[in-house]
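This report refers to the structure that appears directly beneath it.
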Amino acid sequence: MSEAPLLQVRELTRDFGGLRAVDHVSFDVRPGEIRAIIGPNGAGKTTLIRMVNGLLPPTSGQIVFGHKEIVRLGPAARCREGIASTYQVPQLFAAMTCEENVIVGAHRHFRSGLVSACLFLPGVSREEARRLEKARAVLDFLGLGDKALDLASNLTAGQQRLLEMGRAMASEPRLLLLDEPAAGLNSAEREWLAQTILRIRDRGMTIGLIEHDMGNVMRIADSVLVLDFGQAIADGTPSQVQQDQRVIEAYLGVETNGASSPGR
Amino acid sequence: MRQKLVRPRYLGLVLLALLWFLLPIYYPSGYVVSTAVLMGIYAIIALGYNIVMGNTGIYSFGHAAFFGVGGYTVAILTVNHGVDPWLAFAIAPFMAALAGLLVGLTSIRLSHFHLAMATIAFNVILTNLNFNWIGLFGSESGIGPMGKLSIAGLRLETDFRYFYLTWTFVVIVLWVTQNLVRSHLGRAMAAVREDEVAASTSGVNVVGIKLMAFVVSAFLAGVAGALLAFYMPYVGPRPFTVGLSIMLFVMVCIGGQGNAWGSLLGAALLTVLPEFLRTVAGFPAIPQEIRMVLSNPSYHLVVYGLLLIVFLTYLPQGLVGIRLRWWRRLIQRQPAAAAQPAESHV
């Protein structure tokens with residue numbers, strides 16, 4: 001607990017026109033933990049993650065990663081700092097092979113420049129071989145080893161999710177952000193996914209896990225932040241959060257006076 | 001099992017290249033070789049343009065302008081300032097790359113459609129300056145007479161010799177572009193083409209990679225421009241109009257976007273096409289009206305347009321797509337369920 005947080009988000013706010021999608025949200029992510037962010041649809045989870053990985057500039061607030069203020073950095077620069085992410089709907093490089101998809105994830109580790117690449121100087125092929133080997137290892141780790149040379153567009157939906165995680169892992173990030181990785185998977189696939197996320201954590205990566213559904217998250221998360229209407233309504237261990245009155249209301253749509261509202 | 005030194009598919013290619021390099025011996029001068037020289041020059045620009053359009057997915061329609069910057073740099077330096085021909089030849093690609101950088105800096109952040117418009121505008125401005133603004137860069141008739149390049153005292157003044165210079169450059173450019181495309185930078189370009197958002201969060205500087213593609217291809221267009229300048233007696237604005245920019249687009253499209261061999265093929269076909277059409281027009285069976293269209297170069301754009309429509313509709317992967325499809329069918333594993341392992345995760 002005394003360890004310095006890897007990611008510190010302070011008073012992060014984002015407005016879309018008159019709508020406040022994320023409202024002064026603050027939280028920490030400690031190194032080595034699985035940090036879940038949950039909330040009903042439209043709670044602002046994806047908006048929040050897009051502000052952390054740099055795709056969306058916040059209206060106000062601070063993000064400190066490591067010991068560095070990163071709020072002004074673009075997505076590529078944040079990846080170079082060590083933040084990698086996946087998307088709700090996998091965004092793969094469809095016309096490229098699985099192997100190539102994963103190696104693109106390792107882009108930040110390549111050192112050779114334009115001229116040496118064009119002239120194929122000796123260092124280039126060494127670097128390439130090293131990264132290829134690592135990419136293969138990532139694919140094996142995810143059980144996609146036999147798909148290395150298949151086009152990404154030929155994978156099933158579940159495999160595409162895994163491949164996208166592989167691409168993110170290839171950058172060897174300090175923080176891996178997963179946006180609803182279980183969406184659209186069946187229960188067996190969800191179980192396998194949960195095991196995989198635990199195995200990734202055991203490799204030393206810190207994981208930010210965004211989920212709509214409480215079920216699996218509660219078993220694997222170390223701590224949970226709950227969002228509702230853009231505000232952080234609870235933050236703690238899974239069991240603490242599950243007993244929180246406001247969380248139960250947000251999820252079950254129970255009003256404080258006990259009457260249920262069918263809308264949410 | 002004994003490993004073969006040269007894989008059969010490369011053997012065919014090497015033989016073809018050897019035959020090609022023997023061409024000037026059968027036709028030491030005249031129409032065939034001069035067409036082959038032009039083919040080589042177009043091949044170089046097409047290979048460069050393919051990096052921008054095929055690999056990175058940027059639709060620029062002003063590439064002939066960089067070709068022109070290369071040509072004019074050579075002409076101005078050698079004719080007006082008496083610079084050594086080879087030195088001018090070496091400077092030209094860098095001037096073209098600089099022009100590419102400037103155009104890129106102003107337009108690379110635009111969306112597809114707007115970038116296409118901006119690059120067309122750039123091309124039109126640059127060529128029209130030379131057509132109409134008498135005094136700037138030698139007006140419509142051009143700058144000249146151009147000197148000739150020479151290697152070890154051998155003046156490259158015949159088509160025969162120039163053929164070898166040009167095609168040596170084609171081979172070098174082919175090698176360089178293939179190296180680039182297969183490197184991490186080439187993959188980053190492809191990633192940008194496929195999905196800019198995912199590329200950016202994978203650590204690819206999207207604007208930087210696009211600019212790089214733009215500058216590299218402008219550099220190669222500059223090489224081609226320098227080659228053209230020393231091949232012609234005068235350097236005027238005619239070869240560098242938007243018409244050529246569009247022709248480059250057609251070359252890469254019908255050859256196969258993102259494939260270097262496709263670009264070569266496309267450049268070769270479009271260089272020969274006018275000749276082919278003229279020959280077809282010569283057949284007695286061709287009606288008078290069609291003959292008019294086929295033999296008049298200004299109607300050739302109609303043919304390019306038709307080709308483009310046919311290819312984009314039925315063969316979006318271009319001519320190499322035919323081969324790739326056939327190849328894939330040969331090597332791809334059967335998609336039958338039996339091929340799957342009994343236990344499969346996700």
Side-chain angles (χ1 to χ4, degrees), chain A residues 53-55 74-80 83-87 90-96 100-101 103-110 112-114 116-120 124 127-128 131 142-144 146 150 152 154 156-159 161-162 164 167-168 170-171 177 185-186 188-189 192-193 196, chain B residues 48 51 54-55 57 97 172-209 211-213 215-216 219-220 257-259 316-317 321 324 328 331-333 335 339-341 343-346:
Chain A
N53 69 17
L55 287 174
R78 290 194 201 185
C79 176
R80 286 193 288 275
I83 298 178
S85 36
T86 68
Y87 301 88
Q91 288 189 258
L92 291 164
F93 308 126
M96 296 162 79
E100 286 172 328
N101 268 275
I103 305 185
V104 170
H107 187 75
R108 74 178 182 119
H109 296 292
F110 281 86
S112 35
L114 176 62
S116 40
C118 284
L119 301 180
F120 202 59
V124 176
E127 190 175 56
E128 184 78 16
R131 285 296 149 192
L142 294 170
L144 291 173
D146 59 332
D150 289 8
N154 289 348
T156 66
Q159 289 168 338
R161 279 195 187 285
L162 282 179
E164 203 186 29
R167 183 178 68 196
S171 80
L177 300 170
L185 301 189
N186 65 36
E189 287 172 337
W192 160 255
L193 181 82
T196 307
Chain B
I51 290 182
N55 291 99
I172 295 172
V173 168
L174 184 62
W175 181 71
V176 165
T177 50
Q178 289 288 75
N179 283 344
L180 177 61
V181 165
R182 288 171 187 161
S183 73
H184 68 287
L185 296 170
R187 270 196 308 267
M189 288 170 188
V192 166
R193 176 195 67 207
E194 294 292 311
D195 191 322
E196 286 190 19
V197 169
S200 72
T201 54
S202 299
V204 175
N205 177 347
V206 172
V207 171
I209 280 288
L211 258 184
M212 180 186 284
V215 169
V216 167
F219 183 92
L220 295 176
Q257 299 176 44
N259 186 302
Q317 288 181 306
L324 286 178
R328 222 166 259 154
I331 60 164
Q332 212 165 42
R333 281 157 279 177
Q340 296 270 319
E343 185 208 5
S344 76
H345 310 291
V346 183

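All of these numbers come straight from a predicted model, not from anything done at the bench.
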Quick check on [X] against chain B: is it the side chain, the backbone, both or neither that has a heavy atom closer than 4.5 Å?
X      : answer
A:T86  : neither
A:R167 : side chain
A:Q91  : both
A:L119 : both
A:L92  : backbone

(request) Could you tell me whether the side chain of B:T201 reaches within less than 4.5 Å of the side chain of A:C79, counting heavy atoms only? (result) no
Could you tell me which non-hydrogen atom of [X] sits nearest to which non-hydrogen atom of [Y], and how far apart they are?
X      : Y      : answer
B:A191 : A:M96  : N-SD, 4.0 Å
B:R193 : A:A95  : NH2-CB, 4.4 Å
A:F93  : B:A198 : CE2-CB, 3.8 Å

(message) I'd like to know if the side chain of A:E100 reaches the main chain of B:R187, judged simply by a donor and an acceptor atom lying under 3.5 Å from each other, with no hydrogens or angles considered.
(response)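 It does not hold such a pair.
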(request) Just give me the residue among B:V216, B:V176, B:V181 that pairs up with chain A most often, heavy atom to heavy atom, under 4.5 Å. (result)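 Sorted descending by pairs with chain A, the first entry is B:V176.
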(message) Tell me which of these, B:T177, B:V197, B:D195, B:L180, has more heavy-atom pairs under 4.5 Å with chain A than the rest.
(response)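 Between B:T177, B:V197, B:D195, B:L180, the count favours B:D195.
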Distance, nearest 0.5 Å, that separates [atom1] of [X] from [atom2] of [Y]:
X      : Y      : atom1 : atom2 : value
A:E128 : B:R182 : CD    : CZ    : 11.0 Å
A:H107 : B:L185 : NE2   : CG    : 6.0 Å
B:Q178 : A:F120 : CD    : CZ    : 11.5 Å

(message) At a heavy-atom distance under 4.5 Å, which candidate from A:N186, A:N53, A:L114 has the highest pair count against chain B?
(response) A:L114
